[in-house]
Amino acid sequence: MQTKFTTNQLKNPGIAEANKILRNCVHCGFCTATCPTYVLLGDENDSPRGRIYLIKEMLEKGEPATAEVTKHVDRCLSCLSCMSTCPSGVHYMHLVDQARVHIEKTYKRPWMQRALRGLLAAILPYPGRFRLIAGLGRPFKAFSAVLNVFKPTRSLGAMLQLLPKARLASPQTKRQVHFASGAREPKGRVILHPGCAQQVLRPEINEATIRLLNRLDIEVVVPENLECCGALVHHMGREAQALTQARKNIDVWLAETNRYEVDAIISNASGCGVVVKDYGHMLRLDQKYADGAAQISSLVKDISEYLATLELPKGDLDEQMNIAYHSACSLQHGQQIKTTPANLLSQAGFTVKAIPEGHLCCGSAGTYNILHSGIADRLLERKLAAIETVQPDIVAAGNIGCMTQIARKSAVPVVHTVELLDWATGGPVPTQIRAHGRTASARS
Amino acid sequence: MDGRIFKPNETREIAELIAWAVSENQPLEVIGAGTKRDIGRASNCEYVLDVSAMTGIMLYEPEELILQAHAGTPLEDIEKALKKHNQELAFEPADYSALLGVKKAKPTIGGILAGNISGPRRIKAGAARDHFLGVNAVSGRGEIFKSGGRVVKNVTGYDMCKIMAGSWGTLGVMSDVVVKVLPAPAGQASIVVLGLSNEQAIAAMAQAMKSDCEVTGAAHLPLDIAKKSKISEIKDLKKPATIFRLEGVGPSVTYRRDRLIAILATFGKCEVLKAAISRNLWREICDVTYFVEPAARCVWRISTTPGEAAKLVAALKKHGSVSAYFDWAGGLIWLSLAAKDDALAGPLRELLGHHGGHATLIRAPAALRAAIPVFQPQNPGLKLLSQRLKRGFDPSGILNPGRMYAGV
Amino acid sequence: MSNLVMPPADRQILARREEIAQALRGFVAFESVITSEEELRPFESDGLTAYKQIPMLAVLPSTTQEVSAILKYCYEEGIKVVPRGAGTSLSGGALPLEDGILLGLSKFNEILEIDYDNRVVITQPGVTNLGISQAVEAEGFYYAPDPSSQIACSIGGNIAENSGGVHSLKYGMTTNNVLGLEMVLITGEVMRLGGKHLDAEGYDLLGLMTGSEGLLAVITEVTVRILKKPETARAVLLGFPTSEDAGQCVADVIGNGIIAGGMELMDRPAIHAVEQFVHAGYPLDVEALLIAELDGPAAEVDYLLKQVTKIAKKNNAVSVRVSESEDERLNFWAGRKAAFPAVGRISPDYYCMDGTIPRHQLPKVLARIRELSKKYGLAVANVFHAGDGNLHPLILYDANNPGELEKTEEFGAEILKLCVDVGGVLTGEHGVGVEKRDLMGAMFTDFDLRQQQRVKCAFDDKQLLNPGKVFPTLHRCVELGRTHVHKGQVPFPDIPRF
């Protein structure tokens, strides 16, 4: 597409990058076909092609973002389905990230929005605080229905709805090294990124990850002083906060990799994995951190990606179980890992069913289901209906956000892929499955 | 020789003739060889514009899949030329001469297109209008215009060929046409399932059409019709016959035949008819041979939702005695009945409103055709639009006025 | 932007913009009327980005009643309307007008009925072409016309343009696969044509509407045929040392009575661009790649594949690869189908031409295009529907270079005129739109165009629907309606008159 940046504007590296991305777009419209908001709303402004155009106009003008552009960019889920579809290689993710930063810097949001976003940015990335506030909020979960009626309080209602019934765990604070005791030498060593909200909401995910890796003779290190990966605030356009968190994490990880050899940094929340893999790009202009960031990004692997390089033992569960595999956007589109998790589950002896319209987001999208609960709810309904058509016993996913969203209304237990793989190879019945009333199956 | 007949030899003459007709306010009956003159409301024009002198294939490029001919070229000339290159007009043009009691005249390509006369293979290959690529014509203003071209893929401007097809000479006089031609299949065979009721036959034909066997003909002859067939394999069996045609190279036909027989197993036993017999049988079905006699009976051509065809006929039978058979897997019903009252036009049209589709009174005495609408009456909006369209081509109402609808 | 002349804007209408927006909000939800300049910009262009025009307003209705109310109002007020489907047109069919309302049908995105027994699908016009096939896939059916943009283009737009696709050779274009529609005239009148039955009643208005490029009526519902998928389909990639060899191969295949499911040609630049994106294993060292697909019963397909391969080898084919699985077959096609936007990787902009020629003229036309490419200094990647002679030369340019767009347009126009000169037509499937409007005179006489415009007048006598598209000169309907009376001249003087 034609762009109209001045030579002066192009001196700014951000604009230069945006220009490059925009010139790749030929306005073909293929992206509109797989965009959840376009599918729901049918408005060009809520399609990737339209957003690209809006962002182009906004950056070319060099003026503060307006309410209109903000509205449409806010509505973007950053599911990146468009990137999977685009035949011209447009890096939409980097473009919309830039747009969000510009909006955050130049647009004055209505005070309620500012308050809410500020609250989310101050709580969600900090597990300790999150546990405290979530614990306080839980008794009020029943009021979420009332809060959902009024537009101003809808986000509050959405937040309450997302709180789980199960215990809220304490986040880990000290460095831990996990390896099965015994004479065996570890065949490999990985660092596990424990995540933020995940530790509080579903501690069993990390527990299963560690158990499984140990069973495969992999030593797992969980460092201390790690921050949230930065995804949550990065998607809100709070670049400075996100980069600060990224730098802290890079320092911690580099400290580990400098001590001894590490095969990979494992992420078991694809929403984090996709951002940490992008650290190299995010910090490319930071003289001090550019190299370290690139090094860290190259080490990051999603748990499924890493497991595929190992020899998993055959699954030995007795009964046949139908698993509906929900492919998280950050995994299939963001990291382009599409079939690996389902393959692993099949090899472990589960019957895996693909969910129709699998490319469409469930509506979680980080804080989207809080900030845009209307659209998020519609997407959830659509996803649940699709899941229903394959009549599964269990829904599996590779991202805490999706799991929390779908579990709100799912008729069947929602678990992490790694929990099932752990179970199939000798681990305990996953917590949620037990909670739904199923006991351990006999082992053959 | 009838002095009221004008037989132009070239396009320019057609134009001059029409211009004269406009200035003299003299409507013209437009005919090719006149085989289908009696379809439609009767003409009361003093003068006739006869295109049959404009004959001859102008351009035939087998590898380009196109043939261009003057509109008055006899169909059989075209078919002969195509046969030499193993090609055909895939839409299987029908010849209604016998049905309409016309002797000594054979259909022209222009007439075929003007009536959109398509045969059983329409279900697979499309109708005449789907093979009509280009036209040179003269409007009712005496202006020469063209549309389309001599290539199979063309969307330049409005698709005037479509609007000319099936317009029965009311919009313009075609002087030459370009049609799409396709390779003729190497061989064919037909499968016959015997003894099915109309409802069962519709279900069987739906199954066949939903399969991947590439059926190129699906017809059902109830008992009274089957008995009229001249094909002994059908007539002698004295049962209703549901017939499916398969075309292509030998091994492919055999394979698909066996596959289709398996699919239809729940409906009954299948007889197989070899190529020559199959060809003759489909010729009968195509040309409505069953209703040639008795010539006094009226014949309706009904186009309806395939799945509704049997219900439609059953409902109509409640209003009077009719004889019917089904083509296009039920999408086309040929119906004959006695020529009295309104030939069941009322009940038929009402039922069509319910089941979908339309009916044309193909054969009936002139008086009857003057008394009841021959073509399906249109709702007011569509009627006005058709009238406006007609005026756009023929403002003075010179070409076959009233042929399709009164006042158009 | 280059000099594209559109009908002059009506200043009075523009002055009433606020009032009109207000009135439209009486018919649809508030958010469905778009008024801010920012939010109108994304509508200023369709797939032909060389041309941009911001509309006065945009409105996105959700029901037929809303469309009817909007059009009726526009008719009464004399406001121009430009309908838009998915905005993927490559001929500028949805290019807005300065004083016009852009009527977007993208909210009409539901499939209404699937009737397997009668083999039809009834759908709203905003459903994508591929969406229809996907809806009937589980039962083994599909909708045959498959334009390359099928993932995104709307069925309503397909009807407006009479879209084709790779499989049109064997299965026809949109017009051969549509059985009915519901449409709204500019007066607000709602009409239904056809249905589940196979033939038109009366005049074939359905055939006329298909390919009418949004000039005659707005489509609000569509009934299309669906087919059972063939038992098997296999594709073969054939690489040739020259495009002449490839073209001759195609002619020979058809000459031997084989109608392939699809036959597509790509030249070297196109091959390289798509291989990067799709990794289908396209040979990178050939001048022309022919992708042929045979479908039908397995035995027949195998037999025909052997025939085609034999013919290819006789025509100097240097590489032959047959698909061994369904995934592989789809992968072969994925590249071809993404050819246009994939070219976006090797060039900032491209101008996609669309013309049809008699197939045997292919080598001559290709040679001439190569000459013109040198003359204009602009590279060309070529993609063809070789089976039906429909050409898509893609002229590569950079809109940011001053003057390059104009040069590109000139180059394109020369190619199209060449198509007509060798016996072909201006557009095989993308439509005339604005892109080829001014070339209509190369193919049609004034009489031809006037007759077509009279058809328009029967539908839209005020010429409010999409004016400025398809026809280079707008005659007023009153003027077109006059009859010329010949005085004196009598033909056939020797025939007696009574």
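In what follows, every chain begins at residue 1, and chains take the letters A, B, ... in the order their sequences are listed.
- With a threshold of 4.5 angstrom between heavy atoms, P358(C) approaches chain B through its backbone and through its side chain.
- With rounding to the nearest 0.5 angstrom, the CZ atom of R119(C) is 7.5 Å from the CD1 atom of I123(B).
- Counting non-hydrogen atoms of other residues, nucleotides and ligands closer than 6.0 Å to NZ of K228(C) gives a total above 12.
- Between chain B and the options L227(C), I357(C), I258(C), L216(C), heavy-atom pairs under 4.5 Å are most frequent for L216(C).
- Heavy atoms closer than 4.5 Å to chain B are found in the side chain of K170(C), but not in its backbone.
- Interface remark: L205(C) contributes backbone and side-chain atoms alike to the contact with chain B (heavy atom separation under 4.5 Å).
- When each of G428(C), G207(C), G296(C) is scored by its heavy-atom pairs under 4.5 Å with chain B, the top score falls to G428(C).
- Counting only heavy atoms from C-beta outward, the side chains of R359(C) and E64(B) approach each other to under 4.5 Å.
- Per-residue heavy-atom pair counts under 4.5 Å with chain C were compared for R259(B), Q87(B), K390(B), and the maximum is reached by R259(B).
- Residues V455(C) and M160(B) meet the side-chain proximity criterion, which asks for heavy atoms closer than 4.5 Å.
- The contact between L193(C) and chain B is made entirely by side chain atoms (from C-beta outward), counting heavy-atom distances below 4.5 Å.
- The side-chain heavy atoms of L208(C) and Y158(B), taken from C-beta on, include a pair separated by under 4.5 Å.
- Residues R388(B) and D461(C) form no side-chain contact, since every pair of their non-hydrogen atoms from C-beta on lies 4.5 Å or further apart.
- The 12-atom threshold is not exceeded at OH of Y303(C), counting heavy atoms of other residues, nucleotides or ligands nearer than 6.0 Å.
- Within the 3.5 Å criterion, the main-chain N or O of V152(B) finds no donor-acceptor partner in the side chain of D388(C).
- Note: S303(B) leads A359(B), S118(B), S303(B) in heavy-atom pairs under 4.5 Å with chain C.
- The greatest number of non-hydrogen atom pairs below 4.5 Å with chain B, out of L169(C), D204(C), V301(C), L185(C), is found for D204(C).
- Between the CG atom in D130(B) and the CG atom in N177(C) there is a gap of 8.5 Å [rounded to 0.5 Å].
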Inset, instruction - List the steps, then state whether salt bridge (charged side-chain N to carboxylate O under 4.0 Å, His left out) holds for E143(B) with R450(C). - result: CA-CA 10 Å; E143(B) 286 173 4; R450(C) 279 166 181 268; over 6 Å; no
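- In this structure, the portion of E214(B) lying under 4.5 Å from any heavy atom of chain C is its side chain and not its backbone.
- Each of Q387(B), K124(B), M164(B), K210(B) has some count of heavy-atom pairs under 4.5 Å with chain C, and the biggest count is that of K210(B).
- Across all non-hydrogen atoms, the minimal contact from R129(B) to N176(C) is NH1-CA, 4.5 Å.
- Chain C forms the most heavy-atom pairs under 4.5 Å with one residue out of G126(B), A125(B), G157(B), G149(B), and that residue is G157(B).
- Among M404(B), K146(B), H85(B), the residue with the largest count of heavy-atom pairs under 4.5 Å with chain C is K146(B).
- Contacts of M209(C) with chain B are absent, with no heavy-atom separation under 4.5 Å from either backbone or side chain.
- Interface remark: R391(B) contributes no atoms to any contact with chain C (heavy atom separation under 4.5 Å).
- For a residue to count as touching a neighbouring chain, one of its non-hydrogen atoms must lie under 4.5 Å from one of that chain's; by this rule M191(C) touches chain B with the side chain only.
- Of the atoms belonging to R301(B), it is side-chain heavy atoms, and not backbone ones, that fall under 4.5 Å from chain C.
- Of the atoms belonging to A251(C), heavy atoms from both backbone and side chain fall under 4.5 Å from chain B.
- Residue F471(C) touches chain B through its side chain alone, counting heavy-atom pairs closer than 4.5 Å.
- For N390(C), the part lying under 4.5 angstrom from a heavy atom of chain B is the side chain only.
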Inset, instruction - Please lay out, stage by stage, how D199(C) and R122(B) fare under the test salt bridge (charged side-chain N to carboxylate O under 4.0 Å, His left out). - result: CA-CA 10 Å; D199(C) 256 3; R122(B) 190 251 179 276; 3.7 Å; yes
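- Within the 4.5 angstrom heavy-atom criterion, atoms from both the backbone and the side chain of F393(B) approach chain C.
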Inset, instruction - Kindly indicate, with the supporting measurements, whether the criterion side chain to side chain contact (heavy atoms under 4.5 Å, CB included) is fulfilled by V432(C) and T156(B). - result: CA-CA 6 Å; V432(C) 177; T156(B) 323; 4.0 Å; yes
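- With a 4.5 angstrom heavy-atom cutoff, M209(B) touches chain C via backbone and side-chain atoms both.
- Each of H358(B), H355(B), E308(B) was evaluated against H197(C); a single residue qualifies, H358(B), per the side chain to side chain contact (heavy atoms under 4.5 Å, CB included) test.
- Neither the backbone nor the side chain of T360(B) comes within contact range of chain C; no heavy atoms are under 4.5 Å apart.
- Using a 4.5 Å cut-off between heavy atoms, K436(C) does not touch chain B at all.
- To the nearest 0.5 Å, the span separating OG on S252(B) from CG on D302(C) amounts to 11.5 Å.
- Two residues are said to be in side-chain contact when any heavy atoms from C-beta on lie closer than 4.5 Å; F145(B) and T445(C) fail this criterion.
- Looking at N154(B), the atoms closer than 4.5 Å to chain C (heavy atoms on both sides) sit in the backbone and in the side chain alike.
- Only the side chain of L65(B) comes within contact range of chain C, judged by heavy atoms closer than 4.5 Å.
- For an aromatic pair to be called close, the ring centres must be under 6.0 Å apart, and F375(B) with Y203(C) fails this.
- With a 4.5 angstrom heavy-atom cutoff, L384(B) does not touch chain C via any of its atoms.
- Salt-bridge check for K153(B) with E429(C): passed, with a basic side-chain N closer than 4.0 Å to an acidic carboxylate O.
- The closest side-chain heavy-atom distance from N162(C) to K162(B) is not below 4.5 Å.
- Proximity to chain C is absent for every atom of P251(B), based on heavy atoms less than 4.5 angstrom apart.
- The most heavy-atom pairs under 4.5 Å with chain B, out of K196(C), E139(C), H385(C), E231(C), come from E231(C).
- If you measure heavy-atom distances from E61(B) to chain C, the contacts under 4.5 Å come from the side chain alone.
- The closest side-chain heavy-atom distance from D159(B) to T210(C) is not below 4.5 Å.
- Two residues are said to be in side-chain contact when any heavy atoms from C-beta on lie closer than 4.5 Å; R192(C) and N379(B) fail this criterion.
- Heavy-atom pairs under 4.5 Å with chain C were tallied for Q376(B), M205(B), R150(B); the largest tally goes to R150(B).
- In this structure, the portions of Q451(C) lying under 4.5 Å from any heavy atom of chain B include both its backbone and its side chain.
- For Y255(B), the part sitting under 4.5 Å from any heavy atom of chain C is the side chain, from C-beta outward, and nothing else.
- Atom CD of Q452(C) is separated from atom OG of S147(B) by 5.5 Å, given to the nearest 0.5 angstrom.
- Within the 4.5 angstrom heavy-atom criterion, no atom of I226(C) approaches chain B.
- Heavy-atom distances place the backbone of T304(B), and not its side chain, under 4.5 Å from chain C.
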